[in-house]
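Just so you know, these numbers come straight off a predicted model, no measurement behind them. In each ligand, atom 1 is the first atom listed, and ligand 1 is the first ligand listed.
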Amino acid sequence: MEVKPAIFPHEQKNHVLLTWAQSMNGKIGYKNYSDDEKGNLFLGQLKISCKESFRMTHGLRASFDAIMVGSNTVRNDNPSLTCRYPHPEDSTCLAPLSMQPIPIIIDSHLSLNYASLKVMELARCGLTKAPWIVVAPSVIQRKTKDAQLQERWNCIEHYGGQIFVRDQEYPENWKDYVHLEKLQSNGASRIMVEGGATLLRKAFESNSFDSLVVTIAPKMFSDEETIGISYLKHLNLNHALWIPCGSDILLTTYKHFPMELLQLK
Ligand SMILES: NC(=O)C1=CN([C@@H]2O[C@H](COP(=O)(O)OP(=O)(O)OC[C@H]3O[C@@H](n4cnc5c(N)ncnc54)[C@H](O)[C@@H]3O)[C@@H](O)[C@H]2O)C=CC1
Ligand SMILES: Nc1nc(O)c(N)c(N[C@@H]2O[C@H](COP(=O)(O)O)[C@@H](O)[C@H]2O)n1
């Protein structure tokens, strides 16, 4: 797949950036995740980025209208999906509400327990924007007979979130699956797709993105306990830039990567 040089989203209205952090052997997260409600060990996030590239990610988050993640990412990581600078490792170091990206979760069957999520708690406290959830059309009918689904739907709306029902149950094309046109026409024009592996892979397969920023850390993780993304080998990266960032290296298609993001202090 030819990957074209990209311009940074400030100059472009609609933009989809695929971004993730990976080890040298392409690993991005723990393989088995478990729902801590069932009393199992909650594995949480695989720590990959160094502090400089994690800070860069938060600089990017300040430049985008929304961060999109998949439902398994939320189930495994319970991410806050906030813009925190200059110290992203400090959960209280939040950018002003106006600079916070909209969290977008692709959760076709409304499978997550929204009341227990960090993104909902942060929205309830007025610290961040309430999340947008993309669901399959079957949820409308199912929730009339399923009190738990109705409760989740009510929880999202109660905290000011929005639910977007896509047109088809299982669209082939990524853009239809995530209801991209509707999201962008409602204000999420520039979207950072942060993962997980499936959501990113499907975006590659339907060539539904404008740019890439990949953080590659000098780490290796075992096949037994981690999952990976192996799409880079299919890309023609002749136009890509490789930019050192702390102990990591960034692979990006931005011809003019905003280097000030690397100096975010
Ligand atoms: N290192 C990093 O930067 C990141 C790592 N992760 C890790 O990734 C792991 C989760 O990844 P996965 O299990 O792959 O789950 P995932 O988070 O990608 O969830 C699967 C998603 O794919 C969507 N999907 C299924 N079929 C699709 C299709 N045809 N088109 C478009 N979307 C489709 C589902 O609706 C769901 O939202 C976790 O371990 C998490 O920690 C997640 C984000 C970033
Ligand atoms: N840039 C980056 N480096 C890592 O090492 C990571 N594990 C991730 N993970 C992504 O960031 C989300 C967490 O977001 P918050 O810090 O909770 O706001 C996680 O869900 C992945 O999307 N990213």
- Quick look: Ile227 vs ligand 1, heavy-atom contacts under 4.0 Å, and the answer is side chain

- Message: For the CD atom on Gln150, are there more than 12 heavy atoms of other groups (residues, nucleotides or ligands in this structure) within a distance under 6.0 Å?
- Response: yes

- Ranked by distance from atom 22 (O) of ligand 2, the top protein heavy atom is Glu194 OE1, 3.5 Å

- Pull out every atom of ligand 2 sitting under 4.0 Å from any heavy atom of Ile48, numbered as shown with elements. 5 (O)

- Per-atom contacts, ligand 2 versus Asp77 - under 4.0 Å to a heavy atom: 19 (C), 20 (O), 21 (C)

- Where the side chain of Asp248 meets the backbone of Cys50, is there a donor-acceptor pair that is under 3.5 Å apart? yes

- Message: Would Val178 count as a polar contact of ligand 1, with the cut-off being nitrogen or oxygen pairs under 3.5 Å?
- Response: no

- Message: Just to be sure I read this right, does ligand 2 sit under 4.0 Å from the backbone of Ala21, its side chain, both, or neither, counting only heavy atoms?
- Response: side chain

- Asn76 neighbourhood, listing ligand 1 atoms whose heavy-atom distance to it stays under 4.0 Å: 38 (C), 39 (O), 41 (O)

- Shortest protein heavy-atom distance from atom 17 (O) of ligand 2, along with the residue and atom involved: Ser80 N, 2.9 Å

- Message: Yes or no: does Ile48 have any heavy atom under 4.0 Å from an atom of ligand 1?
- Response: yes

- Find out if a path of hydrophobic residues (ILVMFWY) with successive side-chain heavy-atom gaps under 4.5 Å connects Ile229 to Val214. yes

- Task: Answer yes or no: is there a donor N or O on one side and an acceptor on the other, between the side chain of Arg152 and the main chain of Tyr114, under 3.5 Å?
- Result: no

- Task: May I ask you to list the atoms of ligand 1 that are less than 4.0 angstrom from any heavy atom of Trp174?
- Result: 31 (C)

- Query: For Trp174, does its backbone N or O pair with a side-chain atom of Ser206 as donor and acceptor, under 3.5 Å?
  - Reply: yes

- Task: Output the list of atoms in ligand 1 that are nearer than 4.0 Å to some heavy atom of Ala21, sorted by atom number.
- Result: 1 (N), 2 (C), 3 (O)

- Residue Trp20 vicinity, atoms of ligand 1 by number, heavy atom under 4.0 Å: 3 (O)

- What part of Asp77 sits under 4.0 Å from ligand 1 if we count only heavy atoms: the side chain, the backbone, both or neither? side chain

- Query: If you count the non-hydrogen atoms of other residues, nucleotides and ligands that lie under 6.0 Å from CD in Glu89, is the total more than 12?
  - Reply: yes

- Message: Under 4.0 Å, heavy-atom basis, I'd like to know which part of Arg61 is in contact with ligand 2: side chain, backbone, both or neither.
- Response: side chain

- Task: For ligand 1, note which part of Tyr30 has a heavy atom under 4.0 Å away: side chain, backbone, both or neither.
- Result: backbone

- If you count the atoms of ligand 2 from 1 in the order shown, which ones are under 4.0 Å from a heavy atom of Thr73? 20 (O)

- Message: Within 45 degrees of the ring normal and closer than 6.0 Å to the centroid, is that where the cationic atom of Arg166 sits relative to Tyr177?
- Response: yes

- Query: Side chain of Asp65, backbone of Arg190: donor and acceptor closer than 3.5 Å?
  - Reply: yes

- Give the single entry among Lys47, Arg84, Gln45 that approaches atom 16 (O) of ligand 2 most closely by any heavy atom. Arg84

- Query: With atoms numbered from 1 as shown, which atoms in ligand 1 lie under 4.0 angstrom from a non-hydrogen atom of Ser71?
  - Reply: 19 (O), 36 (C), 37 (O)

- Task: Just let me know how Lys202 lines up against ligand 1, side chain, backbone, both or neither, with a heavy-atom cut-off below 4.0 Å.
- Result: side chain

- Message: Donor-acceptor pair, distance only, cut-off 3.5 Å: does the side chain of Asp107 make one with the backbone of Ser71?
- Response: no

- Message: With a 4.5 Å cut-off on side-chain heavy-atom distances among I, L, V, M, F, W and Y, is there a chain of contacts connecting Leu94 to Phe64?
- Response: no

- Okay, side chain of Thr252, backbone of Leu212: is any donor-acceptor separation there less than 3.5 Å? yes

- Is the CD atom of Glu52 crowded by more than 12 outside heavy atoms at less than 6.0 Å? yes

- Message: I want to check something: taking the side chain as every heavy atom from C-beta on, are Thr57 and Glu194 in contact at a cut-off of under 4.5 Å?
- Response: yes

- Message: Does ligand 1 come near enough to Thr73 that some N or O of the ligand is less than 3.5 Å from an N or O of the residue?
- Response: yes

- Item | Per-residue contact class, Leu46 against ligand 2 - non-hydrogen pairs under 4.0 Å | backbone

- Query: Between His58 and Arg84, is there a donor-acceptor pair closer than 3.5 Å when you use the side chain of the first and the backbone of the second?
  - Reply: yes

- Please indicate whether any nitrogen or oxygen in Gly196 is less than 3.5 Å from any nitrogen or oxygen in ligand 1. yes

- Query: By number and element, which atoms of ligand 2 are closer than 4.0 Å to a non-hydrogen atom of Thr82?
  - Reply: 18 (O)

- Query: For atom 23 (N) of ligand 2, which protein heavy atom lies nearest, and how many Å away is it?
  - Reply: Phe54 CE1, 3.9 Å

- Message: I'd like to know whether ligand 1 has Val69 as a neighbour, heavy-atom separation below 4.0 Å.
- Response: no

- Where the side chain of Glu169 meets the backbone of Ser138, is there a donor-acceptor pair that is under 3.5 Å apart? yes

- Item | contact_flag Thr215 ligand 2 heavy-atom lt 4.0 Å | no

- Item | Trp153 with Leu112, same ILVMFWY side-chain cluster at under 4.5 Å | yes

- Message: Tell me the protein heavy atom at minimum distance from atom 2 (C) of ligand 2, and give that distance in Å.
- Response: Ser49 OG, 3.4 Å

- Item | Short N or O distance, Val69 and ligand 2, threshold 3.5 Å exclusive | no

- Which part of Thr198 is near ligand 1, with near meaning a heavy atom under 4.0 Å away: side chain, backbone, both or neither? both

- Message: For the aromatic rings, using the six-membered ring if either is Trp, is the centroid distance between Phe204 and Trp20 under 6.0 Å?
- Response: yes

- Proximity of Leu200 to ligand 1 by residue part, where a heavy atom lies under 4.0 Å: neither

- Task: Check whether any heavy atom of Glu194 sits under 4.0 Å from an atom of ligand 1.
- Result: yes

- Query: Just which atoms of ligand 1 are under 4.0 Å from any heavy atom in Ser108?
  - Reply: 35 (O)

- Message: List ligand 1 atoms under 4.0 Å from Gly29, heavy atoms only on the residue side.
- Response: 39 (O)

- Task: Verify, without hydrogens or angle tests, whether Asn186 (side chain) and Lys182 (backbone) share a donor-acceptor contact under 3.5 angstrom.
- Result: yes

- For the side chain of Glu225 and the backbone of Lys31, is there at least one donor-acceptor N/O pair under 3.5 Å apart? no

- When only distance counts, is Ile106 in polar contact with ligand 1, meaning an N/O pair under 3.5 Å? yes

- Show which atoms of ligand 1 fall inside a sub-4.0 Å distance from at least one heavy-atom site of Gly195. 43 (C)

